[in-house]
Structures are given as structure tokens and as C-alpha cells.
Amino acid sequence: MSFGLPPVLAYALRRLLQAVPVIILIMVATFLLLKLAPGDTVDALVGDMGGADAAYIARMRAEYGLDQPVWVQLWRYMAKLATFDLGWSFVYEQPVSVVLMDRLGTTLMLMAASLSLAFTLGIALGAIAARKAYSLTDNLISTLGLVFYATPSFFLSLLFIYLFSVKLGWLPVGGIKTIAGFYTGWDHVVDVALHLIMPTAALSLIYLSFYMRLMRATVLEVADLDFVRTARAKGAGEFRLMIHHIMRNALLPVITLLGLQFSTVLGGSVVVETIFTLPGLGQLASQSVVQRDMNTLMGIIFLCSIIVVVVNFLTDVLYARLDSRIELA
Amino acid sequence: MTTLDTDLAPAEPPRLIVFWRRYKRNRAALLGLALFVIVLLMALTAGIVDPGDPLRRAGAPLTPPLTDWATPLGTDQLGRDIFAGIFYGARISLMIGVVATLVAIGIGVLIGALAGYFGGWVDDVLMRVTEAFQTIPNFVLLLTLVAIMGSKIEWITLAIGIVSWTAPARMVRAEFMSLRGREFVDAARNLGVSNASIIFREILPNALPPIVVYASVLMALSILLESALAFLGLGDPNYASWGNMIGQGRSVLRTAAYCAVFPGIAIVLTVLSFSLVGEGLNDALNPRQKK
């Protein structure tokens, strides 16, 4: 079944074929679910206009195809979706795909920054805690992990804003760039980075604690295995032992968790983006719910599903690279 | 003949006592249990500590903490008592935590048991559904469900359960797949026990320990999800909720940070108590995992 393709490509093809039914299932279910909601787009638009007469409302419904039976609407939506046409956002008066692409960059930046921070700090602290297991350092790190885990991101965001924006005045309170700052080049990069520090920290700490705790547990487990003792007996230094022998194996479950949790992190960005008024997909999601912008909401769910599928694929590939016992099949 | 050496063994202590002995070995878990008891007492005594509606005006707006005995933790911008809000909030948090967890575990056990026990196409279909739920970011799904069903507390609780069942389903499925081939299951089947009986009476009790441990994680996550919803102003406006208090406190953060800080501490300690209790349960129920 590999058609002579390189294994990674053949695997990608198979995974794609598996993902398609899942995404179709998601979109059909979301579509039907949203049809259960009281009020449709026309109701929301008419409400915004301050009311309209029945004939006008009926004409609008007919124009948008909302007078058709649900099955016809579903079929039309799915047929358009098959060509990656996500429809029209009546709130933004733009195609949904344009609205989403405007927002995608901010969310991807926030995700990349948060997950890199959570992952690198998490595995480093977890490894240190495991090497010094049951010491004061370990207790300190483990306690910190428990507190991070228990602190909701929105509360952490407010604490950061209070401390770093209100009291110290170091960091901007929200937005992705200084309004009317008109920075270019390097100044623009620094400006955006400053705006992302607090959201990134607020979103990443809870995941940092997950990775740290898992890393600590797996390093403790791997450090007891025979091959580590063999390597040590052959004269490998403790540092080399940690990086080449223990970490490489202990990372596997952490990478699995990273892939599994990606969609949860994406969900967490809803709250963080809303607090820090970051113009990303998460903020768009909560606005679309309030404004009943169903096409945009469906578009967000579609785009997020695709991102999650791609990320899970990438973690699987990474997994196979790290552990040669695992084959992509 | 064989001697019945079981007659000679000393009587085993009751299971509950064994359980407690193992649990109390973990000192952090004891701390967690103490915190949990405090939150529980707060929830139970809310009506005695502050009879009446916690959302009513109890004093001058923005009274600072420790200045008035009637409102020891101060009041918010509408003059509502923060102390009372924290006690009543404990009720909502615990109730949502428990009920949403039961819903999630109920759905998870049903789907995981069917998928793991029957395998084949049943497993394929149910696992695709599980993957679909895992693919949508859970908070986006939660927002969508609340938008459809409305912000009544019953619906919010149900919605939180609906977005949280995938992990228990996978755990139950894995347990069932490893248990379905065991002798005691074959024995039951040969005796003509029905599938439903085998699933719920024979296999399920053996598959429960990891689920019980995971329940404490689920409770913590449910409380966090509800408080995030309430923070965004999408919770049930008729009940005092910690998340909602923090959301309201956001607008007076510059001048009266205590409005957000006290309920925030309440959430942190409650979630912490659940995770510590979870670790203790894990030590007590899966003693072999502990080194």
C-alpha cells in the first residue's frame, strides 16, 4: 500500500485518510448542533438593525438559504467545505477564510511561544528534580509544579497585569502591538514580543507543570534501567548519560502528552487572548459565540481540527525519529 | 490430602483500614484531604455563616478587607460581601465538580466499556467519535454548547461533563481490552451470563481503580472550566461563583485588587486539594506503582 513512496510520505497519506472521516464527523455534528441553537444569523443581524418587517426577514432567510430544510443546508455547507470554501461572515462582512487568516498568525505565535516555554522549562526542571529526587530542590520544584497546576490561567493573567503593568509599568496590558506606534523592522519585533510575554507565561505555566511532573517520573524510571548502568560502567560521564541516554528515552511520554494536549492548549488560548485583547482565533471564537456568527465559529472549529491533526502527525513523526523501535505504520 | 493453609493465615484487616494506612503515608495527600474538608465545610455552612442572598448588597461598595466585621474580606463594587461569596462559591464549585465528573465518567465508562469489550467495528466507530471530541479544543466546544443550551447552571454542568469524557473512555477501553480475555470472564460467559452482566458486574469493578484516581483530576478540571466560563461572564448569573467574582474584580483591579485575589486563592487551594487527594488515592489504590 506504499506505492513506492518514502515511508514518511506514505504514513502521512494514511494518516490523512484516517483524519478525513473524523473531521467530517466533527463538522456535521457541529453544524447540526448549531442548528439546535435558538436564533440564527438573520435573527442576530435583524436584532443589530433594531428590527425589520416579516417580509424582509423572509427574503433574507431565502437569500442565505436558511429557509431550506436542515439536510439541504447541511449538504450545501459540506459541499462548499469540500472545496475549502468556509462561507461568508455576516459580522465581519468578509469571507470566513479571510477573517481566519487575519487571526491565525497571532494564535500560532502564542501557541509556539507557550508550548516551547512549557516544554523546555518543563523537561529541564523535571530532569533536575529527578536527579536530585527527594532533596530540597526536588521538593521546591515539585511544590511549584503543584501550585502552577492549580492556578487558572485567567487568575494568573490578572496577577501578572496587576504586578507588571499596574504596579511596575514594565509590560503593556494588552493587544499585540502598540496602537499608533508605527514601529518597523526590529522595533516592531521587540514591540510584539513585549506584548506576548504575559499571555505566553499565563498560558504556559499549567502545561509546564504537566511536563515537569511527567518528566520527573519518567527520568526516575529510565535512570534505573540496565542500559543506563551499562553506559555508566563503560565510563560515560553523568552529563552525557543524562542527555544521550536518559533524556532521549524519558522524552517519549512527554512528547505524546504534548501532542495529546495541543487541542486543550488551543482551547486555553480563548481565555488568555480575551483577557489580553490579542486578535487571535481564541478571541474570535468567544466573540463569534456572543455574536452568533455561526459560519465563523464553524470555520474556527474546522481550522483548529486541521491544526490538531497536523500537530499530532508531527509528534508521531518526531516520536519515531527519537525511538528507532517505533516504525511509522 | 491438602491442608487448608488459608485457615492458618491471620485475619486480614478490613479493606478500608488498609486503604487508610496506605493513604496516610503520603503527607501531602493528608494536607489535601484537610483542605478538601475545609472547602466542604465552607459549602455546607454557607447558609449559616451568611443567611440570605450572597448577591445582595451587604455594605458600602469597595469596603477594604478587615475594616468592617460584617464584611471581613471587604465588598466589591456593588457592595456584595466577598466573604459570603467565597462560602457560596464553594457550594457551586463542589457541586459542579462532582456532578460534571459523574457525567464525564458515566459517558466515558459506557463508551470505553462497549469499545473495549466488543472490539471490531463497535470499537472503530466509538474511537472515531472519541477522536472527534479530542480534536475540537474542549473550551471552544464548551463555549459552543453553552451558546446553544444557555447559561443555566444545570446545562453548564452537563456541558462540562460532555467535553471531559474522552480520557476516562480511553482508560476504561484499555482496561476492558486487557481484562476481557481473562479466565474469570470466560468462566462467566460459559455459565451463560449475559454481556451486560459481564460488562458491569464482572469487568467494570476490576477496571475502576484508575478511574477513581482520575476522578479527582476531572473534578479539578471541571472547577477550572466552570470558573473560566464564569470569568468570561458566561456562567449562571443567579449564583455566586469564584470565576465570576474574579471576572468582576478585573474592572477594579487597579484600586481594589482584593476583589479578584480572594476568590482566586479559593480556586487555587480547592484545585490543589483535589490533586493532592488524587495522588494519595493513587498510592492507596495502586500500591504496586509506588517504588
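What you see is a predicted model, and the numbers here were worked out from it, not measured in a lab. In the text below, chain A, chain B and the rest are named by the order of the sequence lines, each starting its count at 1.
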Go through the atoms of B:A220 and report whether side chain, backbone, both or neither lie under 4.5 Å from a heavy atom of chain A. side chain
Below 4.5 Å from any heavy atom of chain A, which atoms of B:L145 appear? Answer side chain, backbone, both or neither. side chain
What distance separates A:Q287 CD from B:L143 CG, expressed to the nearest 0.5 Å? 11.5 Å
As an exercise, state the distance from OG1 of A:T143 to CG of B:L272, rounded to the nearest 0.5 Å. 9.5 Å
Region of B:L232 that comes under 4.5 Å of a non-hydrogen atom in chain A: side chain
Hey, are the side chains of B:S275 and A:L146 touching, using non-hydrogen atoms and a 4.5 Å cut-off? yes
Sort out for me which of A:I23, A:V308, A:V265, A:V309 touches chain B most, counting heavy-atom pairs under 4.5 Å. A:V308
Rounded to the nearest 0.5 Å, what's the gap from CG on B:L276 to OH on A:Y149? Could you check? 10.0 Å
Measuring heavy-atom distances to chain B, does A:L25 have an atom under 4.5 Å in its side chain, in its backbone, in both, or in neither? side chain
Less than 4.5 Å apart, any side-chain heavy atom of A:F155 and any of B:P263? no
Starting at CG of A:N312, measure out to OG1 of B:T135 and round the result to the nearest 0.5 Å. 7.0 Å
If you tally heavy-atom pairs under 4.5 Å against chain A, which of B:L253, B:L229, B:V140, B:V146 wins? B:L253
Side chain from CB out, backbone as N, CA, C, O: work out which of these in A:L158 comes under 4.5 Å of a heavy atom of chain B, or both, or neither. both
Separation between CD1 (A:I24) and CZ (B:R128), nearest 0.5 Å, reads 13.0 Å
Contact summary for A:P152 and B:V268, nearest pair of heavy atoms: CD-CG2, 4.3 Å
Step through the shown structure and confirm whether more than 12 heavy atoms of other residues, nucleotides or ligands are within 6.0 Å of NZ on A:K35. yes
Just wondering, do A:T274 and B:F231 contact through their side chains at under 4.5 Å, heavy atoms? no
If you tally heavy-atom pairs under 4.5 Å between each of A:V270, A:L281, A:L156, A:I275 and chain B, the highest tally belongs to A:I275
Out of A:V147, A:V290, A:V271, which one racks up the most heavy-atom pairs below 4.5 Å with chain B? A:V271
Spacing of CD1 belonging to A:I301 relative to OG1 belonging to B:T144, to within rounding of 0.5 Å: 4.5 Å
Please look at A:P21 and chain B and tell me whether the side chain, the backbone, both or neither of the residue comes under 4.5 angstrom of a heavy atom of that chain. neither
Please find the pair of heavy atoms, one from A:S263 and one from B:I136, that lie closest to each other, and give the distance. OG-O, 4.1 Å
Between B:E131, B:R254, B:R250, which has the largest tally of heavy atom pairs under 4.5 Å with chain A? B:R250
Testing the basics here: between A:G267 and B:F139, what is the closest heavy-atom pair and its distance to 0.1 Å? O-CB, 3.5 Å
Is the CZ atom of A:F313 crowded by more than 12 outside heavy atoms at less than 6.0 Å? yes
Between A:L33, A:T264, A:L159, the one whose heavy-atom pairs under 4.5 Å with chain B are most numerous: A:L33
Per-residue contact mode, B:V129 against chain A (heavy atom under 4.5 angstrom): both
Honestly, the part of A:I306 sitting under 4.5 Å from a heavy atom of chain B is neither
